[in-house]
Amino acid sequence: MNEELKSDLGQANLRKGWLVLVAAIALTLCITLLALSFGSSKVSLMDFFRSVLTGDTTSPAYRIIYFSRLPRVLGALLAGSALAVAGTIMQAVLQNPLASPNIIGINNGAGFFVLACSVLFPSQPALLPLAAFLGALITALMIFALAMGRGSTKLSLVLTGIAMSSILGAGMNVIMILFPDAYIGASTFLVGGLGSVTMDNLQFAVVYIIIGLVFSVFLRRDMNIIALGSNTAKALGMAVSTTRFLLITTAAILTGAAVSFAGLIGFVGLIVPHAIRFFIGSDHRLLVPASIFAGAGFVTLCDLVSRIVFAPYEVAVGILLSLAGGPFFIYLVIRNKRSQND
């Protein structure tokens, strides 16, 4: 009877997970249409599609949506999905609910390499996603090494990541002081923004993000096992070190590609996975695909709010995410401390 009850509960959770996934996809589609429709200028999507069908590329609707809103919305969708899945991976690998790319310094690692690359190779924008990936990977591997060290705890790992993030942030400031023209729009880059995203920015990064998302989907079952702990994973026959390296590399690809065009957007990888877990639990078989769509919709919605609420002014989406993510991080720290005391 107990086995039958467990089976029924498992099926119920699976159905609930699929419902949440479908809801995330539907909401993301609705948010995408709203983001394309609304902004500082009123433009009808019907006028845009009419212009596409008739080949009228000079109409205001076509030019506003195609050259301004479409790259921005695509950038928000890509960055949101990439950072949300990267956070999901880091939390599973490090077995730490507080882990996310910006909290433990991976964002700043990618940002430091992007700025350095823009100084060394100013005429090679195609190298920026690769530089961001290398920066994210090197930072992630350093954190991985610390996680494997003796006496390392979840809290000490987060604190070390915060310290590393501060060091890398100082390095970025040094680059911008010594080379003021190192990165156009560096102020927006540091807080995270999508206002200057173009199709040229995305054409290189989109390949890395697609690769990272595909890998994360294929590795989602391994995340369930590795989240149980090293000893349990080894007992189940998993090559723990190899799997961890693959997962960290995947998270670095996703983070680096997103940072290369969206800047240092933070807290997406912290907020979205926890929000999805609240509805469907910690089964990564559904958590990963749900995070892809929920992250995409979340960042797109935040970017839409930043465009229309303060019109005619615009607030970088990274500022809104920091305002939401800061209190959320404090809440998680308090909850994690209470659970340890209990």
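The chain is numbered in sequence order, starting from 1.
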If you compare all heavy atoms of L323 against all heavy atoms of P327, which two are closest, and at what distance to 0.1 Å? O-CD, 3.0 Å
So do T300 and T28 actually touch side chain to side chain, heavy atoms under 4.5 Å? no
Please test T249 against L137 for side-chain contact (heavy atoms from CB on, under 4.5 Å), starting from the C-alpha separation and ending with a verdict. CA-CA 6 Å; T249 302; L137 179 61; 3.8 Å; yes
Verify same cluster id: I210, V299 (apolar side-chain graph, 4.5 Å): yes
Can a donor-acceptor pair be found, under 3.5 Å and without considering hydrogens, that links the side chain of N102 to the backbone of F267? yes
So, the side chain of R307 versus the backbone of A35: is there a donor-acceptor pair under 3.5 Å, distance only? yes
Checking R69 side chain against S37 main chain: does a donor-acceptor pair fall under 3.5 Å? yes
Starting from the C-alpha separation in whole Å, work towards a yes-or-no answer on side-chain contact (heavy atoms from CB on, under 4.5 Å) for I104 and I162. CA-CA 5 Å; I104 59 177; I162 293 173; over 6 Å; no
Kindly indicate whether the side chain of R221, heavy atoms from C-beta on, has any atom under 4.5 Å from the side chain of H284. no
Over all heavy atoms of both residues, which pair between V268 and P273 is shortest? Give the atoms and the distance, please. O-CD, 3.7 Å
The reported gap from SG in C30 to CG in L301 (rounded to nearest 0.5 angstrom) is 11.5 Å
Rounded to the nearest 0.5 Å, what separation is found between the OG1 atom of T250 and the CZ atom of F245? 9.5 Å
What are the two closest heavy atoms between A316 and G192, and how far apart are they? CB-O, 3.5 Å
Answer yes or no: is there a side-chain heavy-atom contact under 4.5 Å between L286 and V20? no
Carefully, step by step, assess I89 and S216 under the rule side-chain contact (heavy atoms from CB on, under 4.5 Å). CA-CA 8 Å; I89 293 173; S216 66; 4.1 Å; yes
Between F133 and T255, is there a side-chain heavy-atom distance shorter than 4.5 Å? no
A82 and A258 have their tightest heavy-atom pair at CB-CB, 4.2 Å
Kindly determine whether T243 and D222 satisfy side chain to side chain donor-acceptor pair (under 3.5 Å), including the steps that lead there. CA-CA 8 Å; T243 304; D222 293 327; 5.2 Å; no
Is any side-chain heavy atom of L264 closer than 4.5 Å to one of M172? yes
Would you check if the side chain of S81 reaches a backbone N or O of L78 as a donor-acceptor pair within less than 3.5 Å? yes
So which heavy atom on G256 is nearest to which on A136, and how close? N-CB, 4.1 Å
What's the spacing between T88 OG1 and L254 CG if we round to 0.5 Å? 10.0 Å
Do the side chains of L134 and L83 join up, straight or via other hydrophobic residues, at under 4.5 Å, putting them in one cluster? yes
To the nearest 0.5 Å, how far apart are CE in M238 and CD1 in I226? 5.5 Å
For the CZ atom of R244 and the CG atom of L94, what is their distance to the nearest 0.5 Å? 8.0 Å
Run L219 and L247 through side-chain contact (heavy atoms from CB on, under 4.5 Å) and show every step you take. CA-CA 8 Å; L219 294 170; L247 288 170; 3.8 Å; yes
Main chain of H274, side chain of Q91: is a donor-acceptor contact present, judged purely on distance under 3.5 Å? no
When you group the ILVMFWY residues by side-chain heavy-atom contacts below 4.5 Å and let the links chain together, are F278 and V288 in the same group? yes
Can you name the one residue among V85, I276, I292, N224 that meets side chain to side chain contact (heavy atoms under 4.5 Å, CB included) with L287? I276
Does N107 reach the main-chain N or O of I265 with its side chain, forming a donor-acceptor pair under 3.5 Å? yes
Is the shortest heavy-atom distance from the side chain of L130 to the side chain of F113 under 4.5 Å? no
Kindly work out whether a path of hydrophobic side-chain contacts (I/L/V/M/F/W/Y, heavy atoms less than 4.5 Å apart) joins L19 to V272. no
Spatial distance of atom CG (L228) from atom OG (S282) [nearest 0.5 Å]: 10.0 Å
Please find the pair of heavy atoms, one from A24 and one from A290, that lie closest to each other, and give the distance. CB-O, 4.4 Å
What I'd like to find out is whether the side chain of F293 reaches to under 4.5 Å of the side chain of L29, using heavy atoms alone. no
V206 with Y208, same ILVMFWY side-chain cluster at under 4.5 Å: yes
Is any side-chain heavy atom of L115 closer than 4.5 Å to a side-chain heavy atom of F179? no
Do other residues, nucleotides or ligands put more than 12 heavy atoms under 6.0 Å from the CZ atom of F204? yes
